[in-house]
Novice: 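Just passing along the structure, written as structure tokens.
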There are 2 protein chains.
Amino acid sequence: MSGMNRRRITSKELAKLAGVSSATVSRAFSPDSRIGSATRDRILAVAREHGYQPNAIARSLNNQRSRLVALVVNAIGNPCEAEEQQLLVHRLQARQLLPIILCCADHADRLQLMRLASTYQVDHVVVFSDMVSMQDAVDIFHTTKPIIVSFEPLENENVSSIRIDGSAAADEIIDKIVRDGKKRFAYLAGTNSSWIDKLRRKWFADALAKRGLAFEAQAFGDYSYDSGFKEAVLLLHRDKVDAIICGNDVMAIGARDAARRVLGRNTPDDIAIVGQDGIAMAAWDCNDLTTLSLDHTAFIDAVVELIERHDAEIEGPHNITLTCAARWGSTA
Amino acid sequence: MSGMNRRRITSKELAKLAGVSSATVSRAFSPDSRIGSATRDRILAVAREHGYQPNAIARSLNNQRSRLVALVVNAIGNPCEAEEQQLLVHRLQARQLLPIILCCADHADRLQLMRLASTYQVDHVVVFSDMVSMQDAVDIFHTTKPIIVSFEPLENENVSSIRIDGSAAADEIIDKIVRDGKKRFAYLAGTNSSWIDKLRRKWFADALAKRGLAFEAQAFGDYSYDSGFKEAVLLLHRDKVDAIICGNDVMAIGARDAARRVLGRNTPDDIAIVGQDGIAMAAWDCNDLTTLSLDHTAFIDAVVELIERHDAEIEGPHNITLTCAARWGSTA
DNA sequence: TTTGCCTGTGTAATCGTGTGCACAATTCGT
DNA sequence: ACGAATTGTGCACACGATTACACAGGCAAA
């Protein structure tokens with residue numbers, strides 16, 4: 001029972017101990033299969049006694065079903081993703097699915113990593129990262145239809161997607177800021193290579209255009225607090241803007257700190273600052289950020305819904321669209 | 001090449017295509033095995049053409065080595081753990097090891113989950129959570145010696161451990177606060193069931209005792225910002241303390257916000273607030289927390305070191321001790 | 001009693017690789 | 001030039017489970 005046994009017992013050995021064949025042992029562990037209930041009870045008792053559990057690797061080989069799910073993410077530490085990752089991991093585990101995290105900074109490494117995971121015959125792939133192209137995902141996981149989180153409709157039969165639309169909420173937010181009298185807008189992007197950021201930027205740019213305005217300045221960070229802080233100093237000092245739309249909440253907090261500390265300017269009177277994602281931290285009293293927020297629960301519901309459809313082997317491309325909402329704080 | 005192929009090609013099929021036996025295909029993918037370099041090149045070429053990769057599930061079954069690593073954590077979103085998780089995941093992936101995340105709120109579910117993961121024959125187990133007992137870990141993963149992050153020396157042959165000692169740093173911090181004239185201390189713990197928290201509390205309690213002081217009040221939160229905020233209001237209002245040591249940085253930020261917003265008291269003059277963990281966010285300008293901090297890189301180095309020792313099959317219990325350092329901010 | 005269905009169990013094949021062993025072909029040493 | 005050592009490849013089995021098929025026995029209907 002307790003202590004360290006070097007080797008794990010196999011079904012054949014257990015069979016001998018219980019005086020049955022290994023097939024019967026297997027049946028004892030399959031919920032609905034033809035087996036006498038007395039035999040099953042006896043086998044389960046012996047199994048418990050010897051700490052036997054069926055080997056999932058061998059079962060997967062036979063089943064063609066590993067119950068492993070690959071999650072491709074940009075980062076684990078990044079709070080905006082972490083909340084969603086947490087939710088998803090719980091939902092997966094409730095279905096007896098085990099998540100494998102693929103997380104990599106470098107692009108070549110990331111593809112290599114995805115190839116490695118694909119050799120483990122994962123049952124599902126969820127791509128959160130905008131750093132990997134849809135085509136790469138399809139090519140690498142050729143037998144597993146990937147679920148891709150996207151910001152525009154994907155026109156590929158071989159992927160399912162969740163599209164996120166924040167244009168209406170962006171319009172609301174811009175409306176409020178313009179009515180407050182702000183005129184000079186800047187966009188502080190996460191990275192310059194991300195197409196997600198380009199689309200998010202477009203939501204706000206369109207809202208500005210509707211009112212005869214445009215971004216007067218633009219900067220690139222890396223989604224971190226430090227980059228938000230640093231770039232905001234430049235934007236405020238050099239470009240003299242009075243409103244900054246940030247690529248995520250963490251950079252927005254950095255920008256707010258920079259405005260207050262370095263230039264002595266406060267939100268929302270001197271300057272308006274807007275985040276994106278709607279992470280829990282944004283609502284903390286010390287931050288109280290105005291942000292373009294996504295309902296994380298609805299988002300993960302959508303991912304699980306797509307996984308279920310794949311499991312049920314429903315054919316055809318599946319696309320779900322979610323819309324963002326404005327969450328108001330004291331920074332805009 | 002591109003598009004969706006339902007079935008994955010096997011080594012036997014590839015062998016037929018390349019005019020060799022499946023054994024030779026296998027050898028082509030094993031770095032050092034007796035095979036002609038011309039044959040290998042031809043096989044690899046055909047493999048690339050048909051998108052063949054050896055099936056890791058089958059290989060694991062044969063090898064008795066899955067290259068999977070189970071990480072047992074309390075939460076993914078929690079920043080104090082997230083930074084370390086991020087580092088560890090990168091280090092694992094550099095060694096071609098795939099991390100499976102086990103993360104669960106409920107205790108019974110957690111054990112169930114660990115049992116599930118153990119059926120996947122994981123090569124290593126790293127337990128970050130203080131919510132699972134050493135004995136449970138040993139019993140469930142009976143063939144895999146777990147690596148346990150602990151705050152006291154573990155006396156079990158069947159586990160390796162990393163011990164974290166913050167007593168010296170706690171002494172430094174208490175010294176400073178006492179010299180600043182604070183007298184009434186409170187401890188705001190993470191949870192009441194966590195033995196990690198009891199030990200951390202002891203570091204500070206010992207430092208106080210050395211100076212003839214003791215904690216005058218104590219409260220329990222759940223490591224979240226909100227719980228830090230709420231409990232701090234009570235401590236300050238009801239117990240009238242002038243120093244709060246918190247179980248982690250996030251609660252410390254909540255407590256600081258509560259002091260400032262609800263009671264109009266500022267750090268460090270009116271009140272001293274101390275965090276624990278040393279997460280990046282604690283150093284942000286808006287927080288600037290004094291905290292008992294652990295060197296995350298050294299910590300993960302230690303985990304990787306233990307994994308390497310297990311791989312090299314070095315016998316005996318392995319224990320590594322790390323010490324915390326005080327990181328000074330403007331809250332104490 | 002005979003026929004036939006249903007239940008419970010064992011036998012053997014299968015999933016896709018890795019590898020020990022045997023053997024042919026080639027190279028080397030003297 | 002001939003035996004020995006080396007190299008390259010195929011055959012067959014093992015890894016640990018699931019499952020189609022066969023079959024023995026129990027029980028009900030005719």
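Below, read A as the first sequence line, B as the second, and so on, with proteins coming before strands; counting in each chain starts at 1. Note that the structure is predicted; figures quoted are calculated from it, not measured.
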Novice: Does the plane of the ring in A:Phe299 sit parallel, tilted or perpendicular to the ring in A:Phe128? Use 30° and 60° as the thresholds.
Specialist: perpendicular

Novice: Would you mind reporting whether B:Asn156 and B:Gln135 have side-chain heavy atoms less than 4.5 Å apart?
Specialist: yes

Novice: Protein within reach of the bases, or only the backbone? For nucleotides 8-16 of chain C, mark each nucleotide 5' to 3' as B, S or -, using heavy atoms under 4.0 Å.
Specialist: BBBB--BBB

Novice: At what angle, to 10 degrees, do the two end axes of the helix from C:dT1-D:dA30 to C:dT30-D:dA1 meet, given five pairs define each axis?
Specialist: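 Axis-to-axis angle, ends of the helix: 40°.
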
Novice: Evaluate the side-chain contact (heavy atoms from CB on, under 4.5 Å) criterion for residues B:Tyr223 and B:Asn74: first the C-alpha distance (whole Å), next the side-chain angles of each, then the deciding distance (0.1 Å), finally the verdict.
Specialist: CA-CA 11 Å; B:Tyr223 288 123; B:Asn74 277 325; 5.7 Å; no

Novice: Can you tell me how far P of D:dG10 sits from NZ of B:Lys16, to the nearest Å?
Specialist: 13 Å

Novice: Which pairs pass salt bridge (charged side-chain N to carboxylate O under 4.0 Å, His left out) with one or both residues in residues 302-314 of chain B, sequence neighbours excluded?
Specialist: B:Arg65-B:Asp311, B:Arg95-B:Glu308, B:Glu305-B:Arg309

Novice: Taking the side chain as C-beta and beyond, is there a heavy-atom pair between A:Arg40 and A:Arg27 under 4.5 Å?
Specialist: no

Novice: How about A:Ile320 and A:Leu306: do any of their side-chain heavy atoms sit closer than 4.5 Å?
Specialist: yes

Novice: Are the side chains of A:Tyr52 and A:Glu13 in touch, meaning some heavy atoms are under 4.5 Å apart?
Specialist: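 With C-beta onward as the side chain, the pair stays apart.
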
Novice: For A:Arg65 and D:dA17, give me the distance from atom CZ to atom C1', rounded to whole Å.
Specialist: 16 Å

Novice: Atom CG of B:Asp32 and atom C1' of D:dG8: how far apart are they, to the nearest Å?
Specialist: 16 Å

Novice: For B:Glu84 and B:Leu88, run side-chain contact (heavy atoms from CB on, under 4.5 Å): C-alpha distance rounded to whole Å, both residues' side-chain angles, the deciding distance at 0.1 Å, then the answer.
Specialist: CA-CA 6 Å; B:Glu84 290 153 3; B:Leu88 180 54; over 6 Å; no

Novice: From CD1 of A:Ile43 over to C1' of D:dA17, roughly how many Å is that when rounded to an integer?
Specialist: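 My rounded result for the distance is 14 Å.
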
